[in-house]
Amino acid sequence: MKHFFLSATALLLSITLLTNCNQSSSTGKAAGKTSAAKADSAKGETETQDTLSVVKSSYPPLDKKLYDSLLVFNAHGDTTGRWPVKNTPYPLNGAILPFKRVVAFYGNLYSKRMGILGELPPNEMLAKLKGEVKHWEKADPKTPVQPALHYIAVVAQGDPGKDGKFRYRMPFKQIDSVLVLAKKAHAIVFLDVQVALSNIQAELPLLEKYLAMPQVHFGMDPEFSMKDGTKPGKKIGTYDAADVNYVSGYLAGLVKKYNLPPKILIVHRFTKKMLTNYKNIKLRKEIQLVMDMDGWGEPDLKTGTYRYFINQEPVQFTGFKLFYKNDIKKAPHHMLTPEEVLSRYKPYPIYIQYQ
């Protein structure tokens, strides 16, 4: 089990991002002009880089031939007939998958125990993410890498809270901080929800103002969806295909409403009961759905989990989670490298998450 629980009273840490842009202009008119020119140049470079958050009138057209060939490539020689998944709709223009592999850092800014995103100081964290991106690019030169920050926006916790739902909604100023960090790294953002005793229908719409942004995507975690009223952490929760269809339908509506490229939807999974009736999941051109193998442990255990709950129950795309600490707790005390992940698994995971 992952240990993601924190009480509202423990949420004391916040991140303040300070930018000092003061410049001296005491060296005369010529120096002032030079300084202004440099500032304009830097501003132009920043605006050119920051393309992810801009809603466009149109997005790069889908190359169907390339898309199909990449699906075959990512099947990694699968001979079962499950991969690539048959009869899936082509995505809208501007799709990220499978043209890029997403490599994400996961966590919450309030806690150093919930993932690497909040464990390190921001600049150190982004530098480490950049290093992982380079490692994946080297391991698979055929597939460019899109960096991402995967932020837990609704956290399951041990305290019931005022409404007895055992979940804590992060303040919007925290989400704003994550967006600032992502912009700095030219990264996309995932907002992840652990509903606890609430439900996805209540939590998802509250994040619409962020999901209306083209660079913001979504993750749903069945582990903490406690439909029977059990306190989160006592047992593993569950979602049904109907819940996934609600989320994908809602996100598809936002894609149409705000003229966005396809949204990536991450569904975490490491047991069979975490997702029921997977065959009933509806695929949509507005959504790219990833089943993310979320379990931690030694390499052989992770391999079995991926085989039985990801490979053998195909939906669309696959993901794989790596734990800097939990994966090395048991012998052989080794976290899989990008090269090992790519050599072991069929299909290739197109979404990689580090916690």
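Just so you know, these numbers use all the heavy atoms, side chains as well, and skip hydrogens, waters and symmetry mates. Quantities reported herein were computed from a predicted structural model and do not represent experimental measurements.
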Just so I know, are the side chains of [X] and [Y] near enough to count as touching, which here means a heavy-atom distance under 4.5 Å?
X: Val290; Y: Thr318; result: no
X: Asp140; Y: Pro338; result: no
X: Asp228; Y: Lys235; result: yes
X: Met213; Y: Val189; result: no
X: Pro84; Y: Val72; result: yes
X: Ile266; Y: Asp192; result: no
X: Leu149; Y: Tyr106; result: no

Could you walk me through whether Leu179 and Gln215 pass the side chain to side chain contact (heavy atoms under 4.5 Å, CB included) test, one step at a time? CA-CA 9 Å; Leu179 291 175; Gln215 82 277 27; 4.1 Å; yes

Counting only N and O atoms by type, is there a donor-acceptor contact under 3.5 Å from the side chain of Lys130 to the main-chain atoms of Ala185? no

Using salt bridge (charged side-chain N to carboxylate O under 4.0 Å, His left out), reason through Arg113 and Glu119 one step at a time and then give a plain yes or no. CA-CA 7 Å; Arg113 299 183 61 187; Glu119 183 177 346; over 6 Å; no

For the pair Tyr239 and Thr276, evaluate side chain to side chain donor-acceptor pair (under 3.5 Å) and give the outcome as yes or no after the intermediate values. CA-CA 7 Å; Tyr239 275 131; Thr276 54; over 6 Å; no

Any salt bridge between Arg307 and Glu313, counting N to O under 4.0 Å? no

Which hydrophobic side chains are connected to Phe309, either touching it within the sub-4.5 Å cutoff or through other members that do? Tyr308

What are the two closest non-hydrogen atoms of [X] and [Y], and how far apart are they?
X: Lys330; Y: Glu298; answer: CD-OE1, 3.7 Å
X: Leu342; Y: Tyr348; answer: O-CE2, 3.0 Å
X: His150; Y: Ala104; answer: CB-CB, 4.2 Å
X: Lys263; Y: Leu211; answer: NZ-O, 2.7 Å
X: Asp292; Y: Gly319; answer: OD1-C, 3.3 Å

Does [X] have any ring pair (Phe, Tyr, Trp, His ring centres under 6.0 Å) partners at least two apart in sequence or in another chain, and if so, which?
X: Phe166; answer: none
X: Tyr59; answer: none
X: His217; answer: Phe190

Walk me through it: do Lys302 and Asp327 pass the test salt bridge (charged side-chain N to carboxylate O under 4.0 Å, His left out)? CA-CA 9 Å; Lys302 295 174 77 80; Asp327 280 356; 3.2 Å; yes

Does NZ belonging to Lys285 count more than 12 external heavy atoms closer than 6.0 Å? no

Sequence-distant partners of Gln288, side chain to side chain donor-acceptor pair (under 3.5 Å), two or more places apart: none

Distance in Å, Phe270 CZ paired with Leu301 CG, rounded so as to fall on 0.5 Å steps: 10.5 Å

Can you tell me how far apart NZ (Lys184) and CG (Leu126) are? Round to the nearest 0.5 Å. 6.5 Å

Charged tip of Lys128 within 45° of Tyr324 ring normal and under 6.0 Å: yes

Cation-pi check, Lys325 to Trp296: give yes when NZ or CZ is under 6.0 Å from the six-membered ring centre and within 45° of the ring axis, no otherwise. no

Cut-off 3.5 Å, no hydrogens considered: what does the side-chain donor-acceptor table look like for residues 87-96, sequence neighbours left out?
from  : atom 1 : to    : atom 2 : distance (Å)
Tyr90 : OH     : Asp68 : OD1    : 3.1
Tyr90 : OH     : Asp68 : OD2    : 2.7
Asn93 : OD1    : Leu62 : N      : 2.9

For the aromatic rings, using the six-membered ring if either is Trp, is the centroid distance between Tyr345 and Phe320 under 6.0 Å? yes

For this output row, return yes or no: ring centroids of Tyr354 and Phe323 closer than 6.0 angstrom. no

Name the residue from Gln194, Glu203, Gln157 that meets the side chain to side chain donor-acceptor pair (under 3.5 Å) definition with Arg167. Glu203

Chi angles and distances behind the side chain to side chain contact (heavy atoms under 4.5 Å, CB included) call for Tyr246, Gln201: CA-CA 8 Å; Tyr246 164 77; Gln201 291 81 2; 3.9 Å; yes

